[in-house]
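Notes follow once the structure below has been shown.
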Amino acid sequence: MEAQTFGMEPTKPSPLEEKKAQVEAVRELQKITVNFDDEEDLEEKKRIFSVFGLKNDGKTAICYGIPEEGSKIMVLSFDNKSSRPKDLPFIQAGNLTIKVFNA
């Protein structure tokens, strides 16, 4: 069954109308201002650890043991198994806040 259209078919804009639309788009883009601050960023920095190795080498448990006591940790898990080491006694003793995100 074919679709039926009623009334006028949509018209393609003329080359002149297309050019006017392009010019208007460029004018809108030219209104945008971006300011870059060349000052050094002195805010509190975050430490990022990237660990790799063979399967079941204890990479995640070692990583959870690196931060100072009471630290907050965000973990991107690529195997959905990074929550298990949170229950280890030496990890719990560190009073860490660990959030695991399955990536």
Side-chain angles (χ1 to χ4, degrees):
M1 178 178 217
E2 292 184 29
Q4 296 179 354
T5 57
F6 299 98
M8 296 177 53
E9 290 187 27
T11 58
K12 182 179 177 187
S14 71
L16 180 60
E17 291 172 325
E18 287 181 358
K19 185 66 174 174
K20 285 181 181 179
Q22 290 174 352
V23 169
E24 183 61 31
V26 168
R27 286 185 181 147
E28 288 298 315
L29 288 173
Q30 288 173 338
K31 292 178 185 177
I32 298 172
T33 59
V34 179
N35 295 321
F36 292 99
D37 186 3
D38 59 356
E39 299 281 326
E40 182 180 1
D41 182 10
L42 300 174
E43 292 183 25
E44 181 181 343
K45 305 295 182 210
K46 306 291 183 202
R47 290 186 288 172
I48 299 173
F49 295 93
S50 180
V51 178
F52 62 94
L54 297 175
K55 198 83 172 139
N56 297 321
D57 277 349
K59 299 176 294 293
T60 305
I62 290 170
C63 288
Y64 290 172
I66 292 173
E68 298 172 9
E69 187 172 327
S71 295
K72 295 179 182 178
I73 303 170
M74 182 181 80
V75 178
L76 298 177
S77 174
F78 294 97
D79 62 1
N80 299 330
K81 297 179 182 176
S82 297
S83 292
R84 294 186 301 182
K86 289 170 44 173
D87 297 331
L88 295 172
F90 77 95
I91 303 286
Q92 290 183 345
N95 193 26
L96 302 171
T97 301
I98 302 173
K99 291 186 179 182
V100 178
F101 299 92
N102 289 318

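Here, residue 1 is the first one in the sequence, and each next residue gets the next number. We use all heavy atoms of the structure for the numbers below, so side chains are in, but hydrogens, waters and symmetry mates are not.
- F52 belongs to no hydrophobic cluster with other residues, because no ILVMFWY side-chain heavy atom falls under 4.5 Å from its own, directly or through intermediates.
- I48 pairs by the side-chain contact (heavy atoms from CB on, under 4.5 Å) definition with nothing, not counting sequence neighbours.
- Sorted by first and then second residue, the side chain to side chain donor-acceptor pair (under 3.5 Å) pairs involving residues 59-79 (not counting sequence neighbours) are K55-D79, S77-D79, S77-S82.
- Test N102, I98, V100 against S83 for side chain to side chain contact (heavy atoms under 4.5 Å, CB included) and you get one pass: V100.
- For K99, there are no side chain to side chain donor-acceptor pair (under 3.5 Å) partners, not counting sequence neighbours.
- F90 and V75 fall within a single hydrophobic cluster, where Ile, Leu, Val, Met, Phe, Trp and Tyr side chains are chained together by heavy-atom contacts under 4.5 Å.
- Contacts classified as salt bridge (charged side-chain N to carboxylate O under 4.0 Å, His left out) and involving residues 83-94 (residues at least two apart or in different chains) are not found.
- By the 4.5 Å side-chain criterion applied to Ile, Leu, Val, Met, Phe, Trp and Tyr, M74 is assigned to a cluster that also includes L76, F78, F101.
- In this structure, the side-chain contact (heavy atoms from CB on, under 4.5 Å) partners of P13, at least two apart in sequence or on a different chain, are E17, E18.
- Checked against side-chain contact (heavy atoms from CB on, under 4.5 Å), A21 has no partners two or more places apart in sequence or in another chain.
- Residues forming a side-chain contact (heavy atoms from CB on, under 4.5 Å) with Q22 (at least two apart in sequence, or on another chain): K19.
- Here E24 pairs with nothing under the side chain to side chain donor-acceptor pair (under 3.5 Å) rule; sequence neighbours left out.
- Closest approach of I91 to A61, counting heavy atoms only: CD1-O, 3.7 Å.
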